[in-house]
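Notes for the one structure printed next.
Every value quoted in this text rests on a predicted model; they were computed, and no experiment measured them. All values below were derived from every heavy atom in this structure, side-chain atoms included, with hydrogens, water molecules and symmetry-related copies excluded.
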Amino acid sequence: MRALAQTLEEIPGNAWESELGPAPRRAMPSRSGAGPVPRRGAWARAVTGAAATAGLAGAFLVGALTHPWTRVSPAGGGAGGPHVVLTPVNAPAGGGRAVAYMLGNGGRMRLRIEHLPPSPPGTYYELWLMTSTTHLVSVSSFRVGADGSGVLNLILPDNPSAYRYLDISVQHVGRGAAISQQSVLRGVIPA
């Protein structure tokens with residue numbers, strides 16, 4: 001902490017300026033006799049700001065590693081090879097579409113989502129490998145933002161050829177892990 005404090009002391013006064021103008025300073029003798037230093041409140045704000053920035057960066061990194069969600073590129077974002085097109089189950093207005101690309105030997109998948117309605121508060125989407133409502137396994141839970149599009153890179157929990165469909169359902173927070181019976185997109189897995 002002392003090294004950080006010393007580094008902050010060495011930053012020139014004009015570096016603390018922003019579009020709002022210079023930071024308020026009060027001249028105080030420094031311990032080294034080198035001249036005025038920022039008052040203690042400015043130090044506390046600087047240290048707190050640095051800690052908050054480091055915390056946010058860490059949270060973003062953890063989130064990116066545990067949920068590798070990226071934007072859809074206009075040029076595609078898929079891959080060659082086997083894929084499954086998921087279309088609306090009951091053709092709701094603006095029901096969206098998804099394409100799942102099987103990568104490698106079938107142990108990984110890239111799911112491209114387009115125009116899926118944003119996740120309302122208290123809900124999320126769930127991707128399933130399924131044959132029926134009793135023969136299924138969850139692949140991943142995810143939420144969709146305002147643009148309704150994204151790419152999700154996944155590791156599959158089972159061999160997809162052991163199932164008939166890929167299904168996306170709307171799930172409700174706090175209602176258990178079972179499929180909700182509100183399927184919105186579904187596609188047939190090729191045999």
Side-chain angles (χ1 to χ4, degrees), residues 52-191:
T53 301
L56 285 172
F60 178 77
L61 178 62
V62 169
L65 292 174
T66 61
H67 193 57
W69 184 260
T70 58
R71 292 187 88 53
V72 174
S73 68
H83 65 277
V84 177
V85 177
L86 289 79
T87 57
V89 173
N90 293 318
R97 172 186 127 124
V99 180
Y101 296 91
M102 302 303 170
L103 306 173
N105 63 1
R108 294 182 11 230
M109 174 193 301
R110 177 172 295 135
L111 181 68
R112 288 186 53 219
I113 300 165
E114 298 173 344
H115 311 297
L116 196 61
S119 306
T123 68
Y124 59 95
Y125 290 103
E126 187 85 23
L127 175 66
W128 305 88
L129 288 169
M130 87 183 277
T131 298
S132 68
T133 57
T134 57
H135 180 226
L136 73 162
V137 64
S138 170
V139 177
S140 181
S141 301
F142 60 96
R143 294 185 52 87
V144 174
D147 68 353
S149 299
V151 176
L152 193 59
N153 293 305
L154 304 164
I155 297 174
L156 297 172
D158 200 358
N159 185 343
S161 64
Y163 299 88
R164 189 169 176 199
Y165 306 107
L166 277 175
D167 183 271
I168 295 177
S169 64
V170 175
Q171 300 292 117
H172 298 273
V173 174
R175 291 193 189 165
I179 192 166
S180 70
Q181 307 301 325
Q182 289 181 278
S183 292
V184 291
L185 299 177
R186 185 175 294 158
V188 176
I189 298 173

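Applying the side-chain hydrogen bond (donor to acceptor under 3.5 Å, both in side chains) test to S138 and every residue at least two apart in sequence or in another chain returns E126. When the salt bridge (Lys or Arg N to Asp or Glu O under 4.0 Å) test is applied to R164, no partner is found at least two apart in sequence or on another chain. Under the ring-ring contact (aromatic ring centres under 6.0 Å, His included) criterion, Y163 pairs with H135, not counting sequence neighbours. For S119, there are no side-chain hydrogen bond (donor to acceptor under 3.5 Å, both in side chains) partners two or more places apart in sequence or in a different chain. With sequence neighbours excluded, no residue forms a side-chain hydrogen bond (donor to acceptor under 3.5 Å, both in side chains) with T123.
Legend: ring pair (Phe, Tyr, Trp, His ring centres under 6.0 Å) pairs involving residues 172-191, not counting sequence neighbours: none detected.
Note that OH of Y101 and CZ of R110 are 9.5 Å apart. Values are rounded to the nearest 0.5 Å. Rounding to the nearest 0.5 Å places CG of L136 at 7.5 Å from OG1 of T134. Remark: S141 OG to W128 CH2 distance equals 7.5 Å, nearest 0.5 Å. A distance of 8.0 Å separates CD in Q171 from CD in Q182, rounded to the nearest 0.5 Å. We find the OH-CG distance between Y125 and L152 to be 13.5 Å, quoted to the nearest 0.5 Å.
Between D147 and H115 there is no side-chain heavy-atom pair separated by less than 4.5 Å. Inter-residue side-chain proximity for V173 and R175 is flagged as unmet; no heavy-atom pair is nearer than 4.5 Å. The closest side-chain heavy-atom distance from V151 to L111 is not below 4.5 Å. With contacts defined as side-chain heavy-atom distances shorter than 4.5 Å, the pair M109/L127 qualifies.
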Side-chain donor-acceptor distances from residues 184-191 under 3.5 Å, at least two apart:
from : atom 1 : to   : atom 2 : distance (Å)
R186 : NE     : D167 : OD2    : 2.8
R186 : NH2    : D167 : OD2    : 2.9
R186 : NH2    : S183 : OG     : 3.3

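If you check the side chains of N159 and S161, you find a donor sitting under 3.5 Å from an acceptor.
Residues S180 and S169 share a closest heavy-atom pair of OG-CB, 4.0 Å. A pairwise comparison of heavy atoms in P120 and R143 identifies O-NH1, 3.7 Å as the closest pair. Residues V144 and G148 approach most closely at CG1-CA, 3.2 Å, considering heavy atoms.
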Between M102 and V84, is a side chain to side chain contact (heavy atoms under 4.5 Å, CB included) present by the stated rule, with each step listed?
CA-CA 8 Å; M102 302 303 170; V84 177; 4.1 Å; yes
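None of L129, V85, V99 except one satisfies the side-chain contact (heavy atoms from CB on, under 4.5 Å) rule with L166; the exception is L129. When each of L103, L154, N153 is paired with R108, the side-chain contact (heavy atoms from CB on, under 4.5 Å) condition holds for L103 and for no other.
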